[in-house]
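These notes are about the structure you will find just below.
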Amino acid sequence: MAAQTLFEKIWNDHVVKQYPDGTTLLYIDRHLIHEVTSPQAFEGLRLAGRQPRRPKAALAVPDHNVPTTNRQRGITDPLSAVQVETLEANCREFGIPLFAMNDLRQGIVHVIGPEQGLTLPGMTIVCGDSHTSTHGAFGALAFGIGTSEVEHVLATQCLLQQKPKTMEIRVEGVLPPWCSAKDVILAIIGRIGTGGGIGHVIEYTGPVIRSFSMEGRMTLCNMSIEAGARAGLIAPDDTTFAYVKGRPLAPQGDLWMKALANWETLRTDAGASYDKQVILEVDSLPPQVTWGTNPAMVTGVDGVVPDPKEFSDPKLRRSVEQALAYMGLEPNTPMTEILLDRVFIGSCTNSRIEDLRIAARYVKGKRVADRVHAMVVPGSGLVKRQAEEEGLDAVFREAGFEWREPGCSMCLAMNADVLQPGERCASTSNRNFEGRQGKGGRTHLVSPAMAAAAAIEGRFVDIRHWL
Amino acid sequence: MEAFQTLTGIVAPLNRVNVDTDQIIPKQYLKTIRRTGLKEGLFADWRTRPDGTPDPDFFINQPRYRGATILLTRENFGCGSSREHAPWALLDYGFRCILAPSFADIFYNNCFQNGILPVVLAPHEIQTLFERVSEHAGFQVTVDLPQQLVSCPTGEQFSFDIDPFRKDCLLKGLDSIGLTLQDEAAIAAYERCRTHEVPWLFQDLLV
């Protein structure tokens with residue numbers, strides 16, 4: 001058999017039928033569901049008189065709308081409450097497993113899938129959420145879909161797909177200790193642009209990727225969509241298997257051994273070729289900070305806000321001008337002179353236990369700057385509990401951070417956690433789009449370490465010379 | 001889904017690159033449990049200035065683009081969030097076709113699910129259209145899906161590619177779930193085979 005990439009192996013395993021025009025009927029193993037993108041899909045099933053094909057292949061959780069304080073009071077926003085209640089009612093009606101808001105296991109959908117052992121190598125996973133790319137960290141083909149496709153998967157357990165192209169992003173060198181997967185993915189997006197991955201599934205390879213924990217790999221794959229990619233993938237290895245083993249929904253006993261034998265074949269064959277290849281050298285990578293209104297508008301913390309005059313393409317120049325106007329930034333301002341009002345540590349990008357441990361290390365024994373309102377929103381109830389067992393909550397609280405209940409929170413500000421117009425935020429989330437964290441709010445994307453240090457100083461600091 | 005054959009309509013220009021779905025429909029409009037009534041949210045944060053008054057520079061507020069059914073824009077339109085509320089809002093406002101040099105994947109796919117035709121044209125063709133729209137008030141084009149052709153009254157014609165399956169679904173307004181269900185036997189056969197090969201993927205999620 002011809003040499004195949006990891007993507008091709010997973011894809012081929014899931015082809016139910018190939019149509020003469022090239023369209024593929026692709027089988028979907030697991031389906032994650034949340035409250036924002038599913039109500040219209042369930043309504044569609046009802047209107048057509050259809051039932052889910054495999055309701056127990058799905059798992060639902062409310063995460064986008066849930067409050068991160070005073071959960072016992074319920075959801076005070078009536079629209080959010082209806083959306084969460086609608087999810088619960090739909091799951092009851094159609095027999096879909098659900099972690100309700102006050103279940104300890106509730107959390108951001110892309111945190112709980114891996115945490116529960118639902119996410120496994122070699123599977124296909126979809127969710128009505130673009131950050132489904134997160135699950136690619138396990139060597140699963142995972143991608144975001146729209147609500148019509150949520151309905152399609154519920155009804156058929158399949159999707160009609162055009163086969164994407166492949167792109168290898170090889171990360172070479174040794175990552176400096178102050179950098180994390182977040183800095184690597186921001187640097188990648190800065191290099192290839194927010195549309196650089198359109199039509200492609202990215203496979204991340206190289207020694208730096210191998211050295212990453214599963215948390216780091218999830219951060220990396222999570223933001224594949226910010227480069228425009230259909231999905232991100234990392235070949236599973238012993239790090240993956242050790243993470244998955246023993247989790248509640250992972251295979252056990254003989255089935256585990258059988259699965260393991262299968263997963264060990266999930267790597268790109270020697271001699272297989274990708275449609276595109278990018279190599280990133282990270283030996284001297286500085287911590288990354290975004291300055292603009294998309295994740296590709298990024299620079300090192302030792303850099304400055306760019307001058308639109310430096311861009312020769314008029315469309316690009318105009319977009320930089322628009323970004324700086326929105327962000328309230330002057331060209332050539334050093335990144336370390338940018339003052340902050342808010343710090344948000346959380347989101348499906350950076351709210352896992354390792355992220356909180358790293359942030360806590362930078363915070364311990366210090367105080368949040370007077371000008372800053374800072375909060376930590378753990379990715380799930382289980383992450384929160386573990387952090388509390390390790391005393392991380394006390395470290396954050398003593399430093400002046402708020403310690404919240406799990407959810408998407410200020411990553412997209414659908415709940416009460418919203419930036420006010422003009423407020424500037426260092427955020428560990430994934431999108432610095434206009435208004436993303438609140439109308440008129442200004443978002444700078446950074447790693448948990450950079451966010452923690454920024455909270456203490458009230459501005460961005462070069463953490464290479466700080467702790 | 002409404003079928004799409006040929007459309008002649010006013011072209012509205014949105015001259016920005018990388019327009020993300022958070023801009024097409026901001027989060028405050030995502031709390032609905034319906035597909036309809038989203039046009040109020042279309043580009044909501046760009047329609048008004050910070051003081052709440054309509055921004056006269058934004059196309060939606062300009063009389064010359066009233067009734068537009070074709071949106072002209074730049075690279076990577078629809079990037080970011082997978083929210084299908086974005087095409088729902090565009091459709092609710094009246095757009096049936098979007099012309100751009102490139103689209104984000106999920107948005108592109110979501111358009112076809114809703115009877116909207118996203119047309120990829122070369123950057124210089126898009127540039128020409130921006131110039132025509134600026135030169136002629138009420139500028140219209142005809143988008144012919146069967147012929148895969150965009151025609152201007154000024155004489156230019158631009159052909160475009162589209163994969164045959166999506167074209168066929170759009171021309172006929174087909175329900176793609178219904179199409180897939182015609183292959184129920186193939187799905188069942190696949191499941192039987194895979195349940196044997198990779199049984200751990202077929203365990204019920206008991207939580």
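- Residue A/Leu120 touches chain B through its side chain alone, counting heavy-atom pairs closer than 4.5 Å.
- Using a distance-only test at 3.5 Å, with no hydrogens or angles considered, a donor-acceptor pair links the side chain of B/Lys27 to the main chain of A/Gly435.
- The candidate from B/Asp163, B/Val17, B/Asn114 with the greatest count of non-hydrogen atom pairs under 4.5 Å with chain A is B/Asp163.
- The residue among A/Arg436, A/Glu35, A/Glu226 with the most heavy atom pairs within less than 4.5 Å of chain B is A/Arg436.
- A heavy-atom distance below 4.5 Å is found between the side chains of B/Arg194 and A/His14.
- Heavy atoms of A/Arg431 lying under 4.5 Å from chain B belong exclusively to its side chain.
- Both the backbone and the side chain of B/Ala188 come within contact range of chain A, with heavy atoms under 4.5 Å apart.
- Considering all non-hydrogen atoms of both residues, B/His85 and A/Gln40 come closest at NE2-NE2, 4.0 Å.
- Counting heavy-atom pairs under 4.5 Å between each of A/Gln252, A/His64, A/Lys17, A/Gln116 and chain B puts A/Lys17 at the top.
- How far CG of B/Asp168 is from OH of A/Tyr19: 12.5 Å, rounded to the nearest 0.5 Å.
- For the pair B/Asn110 and A/Gly146, the tightest heavy-atom approach, listed with the atom from each and the gap, is OD1-CA, 3.2 Å.
- Of the atoms belonging to A/Asp21, heavy atoms from both backbone and side chain fall under 4.5 Å from chain B.
- The existence of a salt bridge linking B/Asp175 and A/Arg50 is confirmed by a sub-4.0 Å separation between a basic side-chain nitrogen and an acidic carboxylate oxygen.
- Each of B/Ala189, B/Ser176, B/Gly178, B/Ala104 has some count of heavy-atom pairs under 4.5 Å with chain A, and the biggest count is that of B/Ser176.
- Expressed to the nearest 0.5 Å, how far CG of A/Leu412 lies from OG of B/Ser81 amounts to 8.0 Å.
- The environment of B/Asp161 atom CG is sparse: at most 12 non-hydrogen atoms of other residues, nucleotides or ligands sit within 6.0 angstrom.
- With A/Arg318 contributing its side chain and B/Asn15 its backbone, the two residues share a donor-acceptor pair below 3.5 Å.
- Of all heavy-atom pairs spanning B/Asp105 and A/Gly228, the tightest one is OD2-O, 3.6 Å.
- Heavy-atom pairs under 4.5 Å with chain A were tallied for B/Arg74, B/Gln113, B/Arg16; the largest tally goes to B/Arg16.
- With a 4.5 Å cut-off on non-hydrogen atoms, A/Leu59 touches chain B through its backbone and its side chain both.
- For the residue pair B/Gly80 and A/Ile225, the shortest heavy atom distance occurs at O-CG1, 4.2 Å.
- Both the backbone and the side chain of A/Lys258 come within contact range of chain B, with heavy atoms under 4.5 Å apart.
- One finds a salt bridge joining B/Arg35 and A/Glu151 here, because a Lys/Arg side-chain nitrogen approaches an Asp/Glu carboxylate oxygen to under 4.0 Å.
- When heavy atoms are compared at a cutoff of 4.5 Å, A/Val15 approaches chain B solely by way of its backbone atoms N, CA, C and O.
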* After noting the C-alpha distance and the side-chain angles of A/Asp129 and B/Ser82, does the key distance pass the side chain to side chain donor-acceptor pair (under 3.5 Å) rule? -> CA-CA 5 Å; A/Asp129 194 286; B/Ser82 63; 5.7 Å; no
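- With a 4.5 Å cut-off on non-hydrogen atoms, A/Thr23 touches chain B through its side chain but not through its backbone.
- Interface summary for chain B: among A/Glu43, A/Gln157, A/Met123, A/Gln162, the most heavy-atom pairs under 4.5 angstrom belong to A/Gln162.
- For chain B, the nearby part of A/Ala57 is the backbone; its heavy atoms alone come within less than 4.5 Å.
- The neighbour count for B/Lys39 NZ, taken as heavy atoms of other residues, nucleotides or ligands under 6.0 Å away, does not exceed 12.
- In this structure, the side chains of B/Asn18 and A/Ser319 stay at 4.5 Å or more apart for every pair of heavy atoms.
- Neither the backbone nor the side chain of A/Phe42 comes within less than 4.5 Å of any heavy atom in chain B.
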* To do: Go through the steps for A/Ser148 and B/Glu84 under the test side chain to side chain donor-acceptor pair (under 3.5 Å), then give the verdict.
  => CA-CA 8 Å; A/Ser148 297; B/Glu84 199 163 316; 2.4 Å; yes
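- Atom CZ of B/Phe112 and atom CD of A/Glu149 lie 12.0 Å apart (nearest 0.5 Å).
- Here the side chains of A/Ile198 and B/Tyr108 are not in contact, with every heavy-atom distance at 4.5 Å or above.
- Comparing A/Val16, A/Asn65, A/Asn294, A/Thr86 by heavy-atom pairs within less than 4.5 Å of chain B, the highest count is held by A/Val16.
- Using a 4.5 Å heavy-atom cutoff, the side chains of B/Ile33 and A/Glu85 are not in contact.
- Looking at A/Gln322, only its side chain comes within 4.5 Å of chain B, counting heavy atoms on both sides.
- Heavy atoms closer than 4.5 Å to chain B are found in the side chain of A/Asp77, but not in its backbone.
- The CD1 atom of B/Ile177 sits 6.0 Å away from the NE2 atom of A/His152 when rounded to the nearest 0.5 Å.
- Proximity of a side-chain donor or acceptor of A/Gln83 to a complementary backbone N or O of B/Thr32 within less than 3.5 Å is detected.
- No other option in A/Thr156, A/Leu316, A/Leu159 has as many heavy-atom pairs under 4.5 Å with chain B as A/Thr156.
- Heavy-atom distances place the backbone of A/Ile145, and not its side chain, under 4.5 Å from chain B.
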Side-chain donor-acceptor pairs of residues 195-207 of chain B under 3.5 Å, sequence neighbours excluded:
unit_1	atom_1	unit_2	atom_2	d
B/Thr195	OG1	B/Glu191	O	2.4

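- Interatomic distance, A/Thr293 OG1 to B/Asp20 CG, rounded to the nearest 0.5 Å: 8.0 Å.
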* Pair A/Glu434-B/Trp46, side chain to side chain donor-acceptor pair (under 3.5 Å): steps then yes or no -> CA-CA 10 Å; A/Glu434 288 185 25; B/Trp46 283 347; 2.8 Å; yes
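- For A/His131, no part lies near chain B; criterion is any non-hydrogen pair under 4.5 Å.
- For A/Ser80, the parts sitting under 4.5 Å from any heavy atom of chain B are the backbone and the side chain alike.
- Distance OG1/A/Thr37 to CZ/B/Arg83: 10.5 Å, rounded to 0.5 Å.
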